[in-house]
*Asks:* 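Questions regarding the structure given below will be posed in turn.
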Amino acid sequence: EVQLQASGGGLVQAGGSLRLSCAASGFTFDDAGIGWFRQAPGKEREGVSCIINSDGSTYYADSVKGRFTISSDNAKNTVYLQMNSLKPEDTAVYYCAACGVVVDQLGTHMEYDYWGQGTQVTVSS
């Protein structure tokens, strides 16, 4: 059984920071990347970040580059998302998920598979 439990969300003011955690079980980081996508009401799902555990490569959406940092602790089967300089537009439910990266003629983009319940991030203005 694959389980991906996100935690660490909350309410912060614009410019503040949060660190999200994802506890993964049912598969190993050697076999799958782990990352984050988010969804806000009335908006399309947006891939946020992905870390490939075989080599540690990291990928980010343009909207969060320079502000968010993904990292992993493979011994604990845990992935983190450090979110700094938060903006109201970052408000969404954040889901951790198994992820992969696809490179094609349009560039590099992230894809997601299994995910859990997610955690709410609200940034006030």
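Scope of the values below: all heavy atoms of this structure, side chains included, with no hydrogens, waters or symmetry mates.
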*Asks:* Quick one: do Asp62 and Lys65 make a salt bridge, cutoff under 4.0 Å?
*Replies:*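 Salt bridge: yes.
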
*Asks:* Can you check whether Gly15's main-chain N or O pairs, donor with acceptor, with Ser85's side chain at less than 3.5 Å?
*Replies:*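 Checked: no pair found.
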
*Asks:* If we only count heavy atoms from C-beta on, is the Ser63 to Arg38 side-chain gap below 4.5 Å?
*Replies:*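 Side chain of Ser63 against side chain of Arg38, heavy atoms only: contact under 4.5 Å found.
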
*Asks:* Arg67 versus Asp90: any side-chain heavy-atom pair under 4.5 Å?
*Replies:*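 The answer is yes, as the side chains (C-beta and beyond) meet within the 4.5 Å cut-off.
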
*Asks:* In this structure, which one of Phe37, Trp36, Tyr114 forms a ring pair (Phe, Tyr, Trp, His ring centres under 6.0 Å) with Tyr95?
*Replies:*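 For Tyr95, the ring pair (Phe, Tyr, Trp, His ring centres under 6.0 Å) test succeeds with only one of Phe37, Trp36, Tyr114, which is Phe37.
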
*Asks:* Looking at Arg45 and Gln39, what are the two nearest heavy atoms and their distance?
*Replies:*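 Heavy atoms of Arg45 and Gln39 come nearest at N-NE2, 3.9 Å.
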
*Asks:* Check whether any side-chain heavy atom of Val2 lies under 4.5 Å from a side-chain heavy atom of Asp113, and answer yes or no.
*Replies:*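 Not touching, per the 4.5 Å side-chain cut-off.
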
*Asks:* Tell me, do Asp104 and His109 make a side-chain contact under 4.5 Å, heavy atoms counted?
*Replies:*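 A side-chain contact under 4.5 Å exists here.
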
*Asks:* Is it true that atom CD of Gln82 has more than 12 heavy atoms of other residues, nucleotides or ligands lying nearer than 6.0 Å?
*Replies:*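 Yes.
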
*Asks:* Applying a strict under-4.5 Å side-chain criterion to I, L, V, M, F, W and Y, I'd like to know whether Val48 and Tyr80 cluster together.
*Replies:*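 Val48 and Tyr80: separate clusters.
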
*Asks:* Are any non-hydrogen side-chain atoms of Leu4 and Ile34 less than 4.5 angstrom apart?
*Replies:*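 Sidechains of Ile34 and Leu4: in contact.
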
*Asks:* Answer yes or no: is there a side-chain heavy-atom contact under 4.5 Å between Ile70 and Ser72?
*Replies:*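 They are not in side-chain contact.
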
*Asks:* Within the 4.5 Å heavy-atom criterion, are Val79 and Cys96 side-chain neighbours or not?
*Replies:*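 Not in contact.
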
